[in-house]
Amino acid sequence: MAKNSVRAVRTAGGLSVRFEPRPLLTVGALLVVAFAASVVLIGTGDFQIPVPDVLNTLMGNGTAAHEFIINDLRLPRVVVGLLVGAALGLSGALFQSVTRNPLGSPDIIGFGQGSTVGALVVIVLFQGSAEAVALGSLAGGLVTGALIYLLAWKRGIHGYRLVLVGIGAAAVLTAMNGYLLTKAQIVDAARAVVWITGSLNGRGWEQVGPLFWFCLILMPLVLLYARPLRMLEMGDDVAYALGVRVERTRLVLMTAAVLLTAAATAAAGPVAFVSLTAPQLARRLTRSPGPNLLASMVMGATLLIAADLGAQRVFGADQLPVGVVTGVLGGGYLLWLLASERKAGRI
């Protein structure tokens, strides 16, 4: 604990608050990186805008051309990316803490695939609008979450049982996605493939609104449950002894995580591996036990914006969807994680 000293701050009213400098510094540094990457990303495109001009425009002092390009075209894309990354990072931290398993991530245990099935049903069978696709994705995620929870229930929810059931459900749902694509008309199939890759292209303020409200309601609720969640990580028996309503707490947190995943998927498609990698990277940076909810949330936003910036800067005119970049990076991280878990004898 020498490198991550814990201090207690006592207020005038006698309230003692636990204070850990390193996690707070980590969150602050990640916020700075996310802001810097966002500013550079806003200036990136066919019409390059220097960073000073981006900042002036954001403060309301830009030219008419810059205000149109930034406020109407590029800023909503960046805001969606930040919110999607934060939602995925937080949901990943919740699932990994509830299951007490680093593989307990929404895109590993089927929730992302369920949202994709809902969206593909709307695209392929009903040729629905963008709003209908978002609603279908949200409904698919909720139905998948309920089914996996019920299938994994046996006198309570055990982490490894939830992961195993989720992996099986993910395989079935992936097969359903493939089947729906084979039944689609060529135009609908092309639209579906673009969506299921995970992309921020063409995102506007109409995607920001619903996702913002989901995050505004669910994120503070989840952060209020940080202390019970930390106790759950010590095991159900210990949590019961400390007065935690285990199943109620687990149900509330899992529901919030499913809603965050479904809302993020509805806004940007199933962006791969952010929910898997963000909590693990946050924990390694903070060197702090517990769920690291705030750090995971900020790390997710930083990762997604950095991946989108890399997709635009590195590949130039041949821009890759952000889901391809996160998939490549996250896939390599998953292989490393599996090798580490096997070496440690946990799998």
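- Thr326 places a side-chain N or O within donor-acceptor distance of the main-chain N or O of Gly323, the cut-off being under 3.5 Å.
- Put simply, the side chain of Thr144 does not reach to within 4.5 Å of the side chain of Val117, judged on heavy atoms.
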Evaluate the side-chain hydrogen bond (donor to acceptor under 3.5 Å, both in side chains) criterion for residues Ser91 and Thr261: first the C-alpha distance (whole Å), next the side-chain angles of each, then the deciding distance (0.1 Å), finally the verdict.
-> CA-CA 6 Å; Ser91 64; Thr261 301; 3.2 Å; yes

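- Here the OG1-OH distance, from Thr255 to Tyr149, works out to 7.5 Å after rounding to the nearest 0.5 Å.
- Remark: Arg227 CZ is loosely packed, at most 12 non-hydrogen atoms of other residues, nucleotides or ligands lying under 6.0 Å away.
- Leu293 approaches Leu94 most closely through the heavy-atom pair CD2-CD2, 4.0 Å.
- Among all heavy-atom pairs drawn from Val258 and Gly141, the shortest one is CG1-O, 3.4 Å.
- For the pair Ser115 and Ala262, the tightest heavy-atom approach, listed with the atom from each and the gap, is OG-CA, 3.7 Å.
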What's the verdict on side-chain contact (heavy atoms from CB on, under 4.5 Å) for Leu83 and Phe214, showing C-alpha distance, side-chain angles and the deciding distance?
-> CA-CA 10 Å; Leu83 292 175; Phe214 268 98; over 6 Å; no

Using a 3.5 Å cut-off and no angle test, enumerate the donor-acceptor pairs between side-chain atoms of residues 25-41 and protein atoms at least two apart in sequence or in another chain.
from, atom 1, to, atom 2, distance (Å)
Thr26, OG1, Arg22, O, 2.9
Ser38, OG, Ala34, O, 2.7

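- Ala134 is linked by a side-chain contact (heavy atoms from CB on, under 4.5 Å) to Ala266, counting only residues two or more places apart in sequence or in another chain.
- Judged by distance alone, the side chain of Arg74 and the main-chain N or O of Ile42 form a donor-acceptor pair under 3.5 Å.
- By the criterion of side-chain heavy atoms lying less than 4.5 angstrom apart, applied directly or through intervening Ile, Leu, Val, Met, Phe, Trp or Tyr residues, Met297 is not grouped with Phe212; the two fall into different hydrophobic clusters.
- Counting only distance, with no hydrogens or angles, the side chain of Arg230 and the backbone of Pro228 share no donor-acceptor pair below 3.5 Å.
- Residues Tyr179 and Leu181 are members of separate hydrophobic clusters, defined by side-chain heavy-atom contacts under 4.5 angstrom among Ile, Leu, Val, Met, Phe, Trp and Tyr.
- Side-chain contacts under 4.5 Å among hydrophobic residues (ILVMFWY), followed directly or transitively, place Val143 together with Leu147.
- Transitive grouping of hydrophobic side chains (ILVMFWY, heavy atoms separated by less than 4.5 Å) brings Leu88 and Leu211 into a common cluster.
- Residues passing the side-chain contact (heavy atoms from CB on, under 4.5 Å) test with Thr116 are Leu120, Asn177, Trp195, Ile196, Pro270, sequence neighbours excluded.
- Hydrophobic clustering keeps Val193 apart from Leu200 (ILVMFWY residues linked when any side-chain heavy atoms are closer than 4.5 Å, directly or through intermediates).
- A pairwise comparison of heavy atoms in Gly198 and Val271 identifies CA-CG2, 4.2 Å as the closest pair.
- Here the CZ atom belonging to Phe111 is positioned 4.5 Å from the CD1 atom belonging to Ile109, to the nearest 0.5 angstrom.
- In this structure, Leu259 and Leu138 approach most closely via the heavy-atom pair O-CD1, 4.5 Å.
- Between the side chain of Ser137 and the backbone N or O of Val133, no donor-acceptor pair lies under 3.5 Å.
- Rounding to the nearest 0.5 Å gives a distance of 8.0 Å between CG of Leu294 and CG of Leu24.
- The two residues Pro291 and Ala226 make their nearest non-hydrogen contact at CG-O, 4.4 Å.
- Ser296 has its side chain out of reach of Leu90: every pair of non-hydrogen atoms, C-beta onward, lies at least 4.5 Å apart.
- Between the side chain of Gln312 and the main chain of Leu309, no donor-acceptor pair closer than 3.5 Å is present.
- Listed by chain and residue number, Ser105, Asp107 satisfy the side chain to side chain donor-acceptor pair (under 3.5 Å) test with Ser275 (two or more places apart in sequence, or in another chain).
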N/O donor to acceptor pairs below 3.5 angstrom from side-chain atoms of residues 48-71, sequence neighbours left out:
from, atom 1, to, atom 2, distance (Å)
Gln48, NE2, Gly45, O, 3.1
Asn56, ND2, Pro52, O, 3.2
Thr57, OG1, Asp53, O, 2.8
Thr63, OG1, His66, N, 3.2

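- The hydrophobic cluster containing Val274 also contains Val80, counting ILVMFWY residues as joined when their side-chain heavy atoms lie under 4.5 angstrom apart, directly or transitively.
- Within a 6.0 Å radius of CG in Leu216, more than 12 heavy atoms belonging to other residues, nucleotides or ligands are found.
- Note that the CD atom of Gln96 and the CG atom of Asn292 stand 11.0 Å from one another [nearest 0.5 Å].
- Around the CH2 atom of Trp213, the shell of radius 6.0 Å holds no more than 12 heavy atoms that belong to other residues, nucleotides or ligands.
- The structure places CG of Leu253 at 10.0 Å from CZ of Phe95, a figure rounded to the nearest 0.5 Å.
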